[in-house]
Amino acid sequence: VGGFDQSTEDVTDMELVVAPGTIPAFGEPVLANDPATHEVQPGVAKDYLQYTAKDPDPEQHRDTGAGNAVMGILLDYRAYDTLGEATVIFVSILGAYALLRHVGRKKKEGAA
Amino acid sequence: MKKTGMTLIVKNVAKLVTAFIAVFGIYIALTGHISPGGGFAGGVILAAAAVLMVLAFGSGASKRIVTEGKCHVWDAAGAIGFLVVALCGYFVGSFFFNLVPPGNVFHLTSAGTIPLSNLAILVKVGAGMAGVFLALSAFRRVKPEE
């Protein structure tokens with residue numbers, strides 16, 4: 001997804017929502033439905049669900065094309081978070097290797 | 001050769017089932033953008049196939065397929081592959097830019113770079129989980145020499 005265009009649009013949407021005088025009350029999430037009218041307010045989550053599996057429309061939105069909206073968010077809109085997850089797993093596995101191998105530990109015992 | 005692993009029944013059932021489990025894991029990862037699943041789930045299933053192999057045949061006999069060195073290499077390769085997918089998008093537009101145009105929804109090649117990312121995560125998680133299992137079980141049996 002063209003992250004730049006998407007993010008700027010989201011920012012303008014957010015500015016519309018959080019305009020002076022219409023700041024939502026504390027504890028009322030911006031992305032949730034409006035409790036008075038029960039309408040979905042414009043926001044990031046709505047855009048994600050609306051454009052994830054939509055047919056490609058290069059003029060307006062470059063969407064993911066993934067039928068599974070979860071994977072579209074996980075590996076396209078929020079892929080940076082998934083990269084962090086993968087890094088966490090990689091580092092933890094590296095730690096397991098470093099702790100469980102015999103070679104390094106034995107050398108240290110021999111030296112001490 | 002010393003007898004390793006479990007009984008004949010377990011070995012035969014493992015021989016029959018392991019390939020199907022591995023294929024199912026790869027399937028889960030490759031169709032992650034169409035149906036529920038993804039690289040993480042598929043990688044764990046793939047690692048479960050390797051674990052079944054090691055449990056049934058013993059770490060010595062299964063060394064032809066699942067080894068510690070292979071696990072290290074594929075783990076790192078998956079991590080690098082995921083990063084390469086991200087960097088490909090970076091050189092075109094932004095980080096993780098989906099540079100492959102999305103095709104028809106619910107087709108296998110519909111989601112641009114998402115299947116490639118899933119494939120990299122599959123390799124990474126599968127090799128990593130299998131390697132951790134080997135580290136927890138098989139490394140212990142190695143008698144310290146020198």
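Each chain gets a letter, A, B and so on, in the order the sequences are listed, and its residues count up from 1. Both backbone and side-chain heavy atoms feed into the values below; hydrogens, waters and symmetry mates do not.
- Between B:M6 and B:K11 the shortest heavy-atom distance is O-CE, 3.5 Å.
- Residue A:S92 does not touch chain B at all, counting heavy-atom pairs closer than 4.5 Å.
- Judged as a ring pair (Phe, Tyr, Trp, His ring centres under 6.0 Å), and not counting sequence neighbours, B:Y27 has no contacts.
- Between chain B and the residues A:T82, A:L83, A:T87, A:I89, the largest count of heavy-atom pairs under 4.5 Å involves A:L83.
- Among residues 31-43 of chain B, the residues having any heavy atom closer than 4.5 Å to a heavy atom of chain A are, in sequence order, B:G32, B:H33, B:I34, B:S35, B:P36, B:G37, B:G38, B:F40.
- Interface residues of residues 78-87 of chain B toward chain A, defined by a heavy-atom distance below 4.5 Å and sorted by number: B:A79, B:F82, B:L83.
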| task | Could you check B:I114 against A:L74 for side chain to side chain contact (heavy atoms under 4.5 Å, CB included), going step by step and ending with a plain yes or no? | result | CA-CA 9 Å; B:I114 291 179; A:L74 206 64; over 6 Å; no
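- Applying the 6.0 Å contact sphere to CZ of A:F90 captures more than 12 heavy atoms from other residues, nucleotides or ligands.
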Worked check of side chain to side chain contact (heavy atoms under 4.5 Å, CB included) between B:T113 and B:C88: CA-CA 10 Å; B:T113 57; B:C88 282; over 6 Å; no
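- Counting heavy atoms from C-beta on, the side chains of B:L30 and B:L122 never come closer than 4.5 Å.
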Apply the test side chain to side chain contact (heavy atoms under 4.5 Å, CB included) to residues B:K15 and B:F57: give CA-CA distance (whole Å), side-chain angles for both, the deciding distance (0.1 Å), then the verdict.
CA-CA 10 Å; B:K15 263 185 214 167; B:F57 291 96; 3.7 Å; yes
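- Across B:I21 and B:L52, no two heavy atoms sit closer than the pair CD1-CD2, 3.9 Å.
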Practice prompt. Take A:Y97 and B:L134 through the side chain to side chain contact (heavy atoms under 4.5 Å, CB included) test and state the conclusion after the steps.
Written response: CA-CA 10 Å; A:Y97 286 155; B:L134 280 181; over 6 Å; no
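- Checked against side-chain hydrogen bond (donor to acceptor under 3.5 Å, both in side chains), B:T18 has no partners two or more places apart in sequence or in another chain.
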